[in-house]
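One structure is given below, encoded as structure tokens.
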Amino acid sequence: QVQLVESGGGLVQAGGSLRLSCAASGSIGSINVMGWYRQAPGKQRELVASITGGKTTGYADSVKGRFTISRDNAKNTVYLQMNSLKPEDTANYFCNADVLVLFSVRSVNYWGQGTQVTVSS
């Protein structure tokens, strides 16, 4: 079993910054792709950014140039640095990881509990 715990959410004004963290723990052999998703009330959950084990990154068009995803493989942790925040960024942010479980060749997808980001105008 693997657990993902997010932190770093909060309330900021437009133009401000936040840094989200997601730490994975449990029966981890290795972690493949990790990503950050967000979901606003009444909206579908969307992928914000992703990063592979080799640290290749991808971003939604709406956050390119403003958000940066990174990871520390030794700590099994992924980060999302969010700059120049806009009210449209307001959402619950979820961490996701595709994990190769210890002593197994199968991968399992896990979700964190979520952390709220609110950007005021």
Side-chain angles (χ1 to χ4, degrees):
Q1 183 181 346
V2 174
Q3 299 82 41
L4 304 180
V5 180
E6 303 102 329
S7 62
L11 174 64
V12 298
Q13 293 188 5
S17 298
L18 284 174
R19 189 190 189 219
L20 307 183
S21 299
C22 172
S25 62
S27 301
I28 300 171
S30 63
I31 302 178
N32 300 313
V33 177
M34 302 185 79
W36 286 97
Y37 292 73
R38 66 186 181 188
Q39 187 169 28
K43 301 293 184 179
Q44 188 174 2
R45 187 171 298 186
E46 63 174 343
L47 177 64
V48 175
S50 64
I51 184 167
T52 68
K55 299 185 179 180
T56 299
T57 61
Y59 299 91
D61 289 340
S62 59
V63 306
K64 283 182 180 177
R66 300 188 298 119
F67 291 9
T68 303
I69 189 170
S70 61
R71 65 190 285 172
D72 185 335
N73 291 334
K75 297 180 179 180
N76 292 138
T77 300
V78 64
Y79 307 93
L80 186 67
Q81 178 66 47
M82 305 184 294
N83 298 325
S84 301
L85 283 162
K86 305 175 180 179
E88 307 92 86
D89 296 318
T90 295
N92 202 5
Y93 283 70
F94 297 87
C95 178
N96 177 268
D98 190 63
V99 179
L100 183 63
V101 179
L102 190 64
F103 306 129
S104 176
V105 296
R106 77 181 193 278
S107 63
V108 181
N109 192 255
Y110 291 93
W111 289 94
Q113 180 71 24
T115 184
Q116 179 67 36
V117 171
T118 302
V119 184
S120 65
S121 59

Listing, residues 13-26 side-chain donor-acceptor contacts under 3.5 Å, not counting sequence neighbours, or none:
{"residue": "S17", "atom": "OG", "partner": "N83", "partner atom": "OD1", "Å": "2.9"}

Pairs of donor and acceptor atoms involving the side chains of residues 112-121, under 3.5 Å and at least two apart or interchain, shall be tabulated with distances.
{"residue": "T115", "atom": "OG1", "partner": "G9", "partner atom": "N", "Å": "3.1"}
{"residue": "Q116", "atom": "NE2", "partner": "A91", "partner atom": "O", "Å": "3.4"}
{"residue": "Q116", "atom": "NE2", "partner": "T118", "partner atom": "OG1", "Å": "3.4"}

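Between the side chain of D72 and the main chain of V78, no donor-acceptor pair closer than 3.5 Å is present.
Residues K86 and D89 are not paired through a salt bridge, judged by the lack of any N-O separation under 4.0 Å between the basic side chain and the carboxylate.
The CG atom of N32 lies 9.0 Å from the OG1 atom of T52; values are rounded to the nearest 0.5 Å. Between Y110 atom OH and I31 atom CD1 the span is 10.5 Å, to the nearest 0.5 Å. Between the CD atom in E6 and the CG atom in L80 there is a gap of 11.5 Å [rounded to 0.5 Å]. Between the CD atom of Q39 and the CG atom of N92 there is a distance of 8.0 Å, given to the nearest 0.5 Å.
Within the 4.5 Å cutoff, the side chain of V108 has no heavy atoms near those of the V2 side chain. The side-chain heavy atoms of Y79 and T68, taken from C-beta on, include no pair separated by under 4.5 Å. Looking at heavy atoms from C-beta onward, E46 lies in side-chain contact with R38 at the 4.5 angstrom threshold. For the pair N73/K55, a side-chain contact is recorded, criterion being any heavy-atom separation below 4.5 Å from C-beta on.
Residues in residues 44-76 take part in no disulfide (SG to SG under 2.5 Å) pair, two or more places apart or across chains. Residue pairs meeting the disulfide (SG to SG under 2.5 Å) criterion with at least one member in residues 25-66: none, sequence neighbours excluded.
In this structure, F103 belongs to a hydrophobic cluster whose other members, linked by side-chain heavy atoms under 4.5 Å apart, are L102.
Heavy atoms only, all atoms of each residue included: Y59 and I69 are closest at OH-N, 2.9 Å.
Applying the ring pair (Phe, Tyr, Trp, His ring centres under 6.0 Å) rule to Y37 yields the partners W111; only residues at least two apart in sequence or on another chain are considered.
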